[in-house]
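Numbered from 1 within each chain, the chains take letters A, B, ... in sequence-line order.
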There are 2 protein chains.
Amino acid sequence: MKVSATEEYGLRCLMRLAVAWGTGEFMTIPQVARLEGLSPQHVAKLVSILRRAGLVRSVRGMNGGVGLSRSPKDVTMTEALSALAGTPVRTGPCIGPSAAGCEMVGTCGLRNVWCRISDVVTGVLDGVTLADLVMNGRPGAAGLQQNAAIEPARWGSGTRG
Amino acid sequence: MKVSATEEYGLRCLMRLAVAWGTGEFMTIPQVARLEGLSPQHVAKLVSILRRAGLVRSVRGMNGGVGLSRSPKDVTMTEALSALAGTPVRTGPCIGPSAAGCEMVGTCGLRNVWCRISDVVTGVLDGVTLADLVMNGRPGAAGLQQNAAIEPARWGSGTRG
DNA sequence: GATAATCTTTATCCTTTTGTCAAGTATCGC
DNA sequence: GCGATACTTGACAAAAGGATAAAGATTATC
């Protein structure tokens with residue numbers, strides 16, 4: 001069971017935008033890329049996925065940028081992962097060639113476990129918002145804000161969207 | 001977050017062997033392959049992983065076969081998935097190129113969530129044995145035994161290992 | 001000892017996932 | 001309008017994971 005790179009990096013980008021939401025609102029893709037150590041094109045691809053899912057808004061042209069389309073407090077990890085991977089937890093029950101011939105549908109013990117796991121994981125993810133991620137449930141979030149300040153958004157005073 | 005094919009099929013093979021443990025003890029790789037709709041070579045590879053991990057025992061030569069090395073009641077899904085994938089849950093916290101430059105180690109909200117998820121998933125997996133998987137927690141396991149009877153093990157009377 | 005049945009191992013191919021490149025489109029400021 | 005800045009998109013390359021093929025090693029039976 002594994003978290004894909006797209007999920008991990010996509011969430012990290014969302015966290016950066018969540019920090020920016022509290023400071024200068026929008027960031028540019030190169031800024032996010034630099035902070036995360038990724039190429040701008042890579043971040044652009046992740047952002048485009050998130051934009052199509054409605055989690056991120058973008059403004060093209062000079063002084064453009066990307067930002068969350070709503071408050072970090074209103075975006076759960078379940079939503080974020082669903083956007084990035086289609087569904088937060090992709091388990092069997094019957095993947096691959098044996099699916100068609102699986103004579104155990106409905107009574108499959110393995111399937112039952114996958115369902116339980118999906119439930120408990122979704123339970124955790126539902127309870128965590130982007131705001132929680134950034135605040136980390138404790139005052140340590142100051143460290144995050146510091147990082148954001150390295151490359152402050154330039155449009156802090158503008159109203160956007 | 002996703003369960004890999006190796007994990008899914010590996011567990012299914014273990015379930016077949018768990019059923020055989022209660023009937024004729026050992027099965028051949030082609031038998032397991034036929035029941036699961038996989039190629040014998042593919043099953044052989046999965047079995048070899050499980051064998052190296054100590055979960056499966058094999059006997060070469062004529063009348064050989066593969067079987068669990070201990071009772072299905074003593075093998076948890078945590079063990080099985082650890083054998084098949086190195087660790088039951090592979091999440092970040094810091095995967096890929098941004099790992100080295102991650103300035104948030106220790107205070108990373110995302111990492112904390114991954115840890116919580118790993119904990120709850122492991123909690124479920126620890127509580128499920130191969131015997132539970134096969135019995136499905138209810139009397140329906142009869143269906144499984146029927147399937148096993150399609151290709152019964154031939155060495156039911158022999159003592160092995 | 002020869003043969004057939006069976007597991008073992010290595011190499012190879014295919015598919016999916018990741019990541020990059022390059023061309024395109026939109027906006028602002030002059 | 002022109003150029004600089006930024007996002008958008010589709011094609012492509014690299015890497016990882018999944019599946020197959022083929023040759024090898026081992027054992028029971030005759």
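Between Arg51(A) and dC7(D), a side-chain N or O to OP1/OP2 separation shorter than 4.0 Å is absent. An OP1 or OP2 oxygen of dT20(C) is reached within less than 4.0 angstrom by a side-chain nitrogen or oxygen of Ser39(A). Residue Ser4(A) places at least one side-chain N or O under 4.0 Å from the OP1 or OP2 atom of dT18(C). Taking only side-chain nitrogens and oxygens, Thr6(A) comes nearer than 4.0 Å to OP1 or OP2 of dT18(C).
Between the CG atom of Leu50(A) and the P atom of dT9(D) there is a distance of 13 Å, rounded to whole Å. Atoms CZ (Arg34(B)) and P (dT6(C)) sit 10 Å apart, rounded to a whole Å. The distance between atom CZ of Arg57(A) and atom C1' of dA6(D), rounded to the nearest whole Å, is 17 Å. Atom CD of Gln41(B) and atom P of dA19(D) are 13 Å apart (whole Å). In this structure, Leu46(A) places its CG atom 14 Å from P of dT9(D), rounding to the nearest Å. Rounded to a whole Å, the NE2 atom of His42(A) is 18 Å from the P atom of dG10(D). Spacing between atom CZ of Arg60(A) and atom P of dC28(C) amounts to 12 Å, rounded to whole angstrom units. One interatomic measurement links the two molecules: OH of Tyr9(B) to C1' of dG18(D), which rounds to 9 Å at whole-angstrom precision.
Counted by atom type alone, Thr76(B) and Asp126(B) present zero donor-acceptor pairs between their side chains at under 3.5 Å. Side-chain contact, Thr129(B) with Asp132(B): a donor N or O sits under 3.5 Å from an acceptor N or O.
Ion pairing of Glu79(A) with Arg70(A) is present here, as a side-chain N (NZ or NE/NH1/NH2) and a carboxylate O approach within less than 4.0 Å.
If you check dA6(D), dT17(C), dC7(C) against the side chain of Thr28(A), the one that comes closest is dA6(D). For Met62(A), counting side-chain heavy atoms from C-beta on, the closest listed nucleotide (dG3(D), dT8(C), dT9(D)) is dG3(D). Among the nucleotides dG18(D), dT27(C), dT9(D), the one closest to the side chain of Arg52(A) is dT9(D).
Toward the 5' end of DNA chain D, the nearer of the two residues Lys2(A) and Pro30(A), judged by each one's closest nucleotide, is Pro30(A).
The two residues Leu50(A) and Gly10(A) come nearest to each other via the heavy atoms CD1-O, 4.0 Å. The heavy-atom pair separating Gly54(B) from Ser69(B) by the smallest distance is O-OG, 2.5 Å.
If you check every strand for non-hydrogen atoms under 4.0 Å, Ser48(B) touches nothing.
Between the side chain of Lys45(A) and the base of dG19(C), at least one donor-acceptor pair of N or O atoms lies under 3.5 Å.
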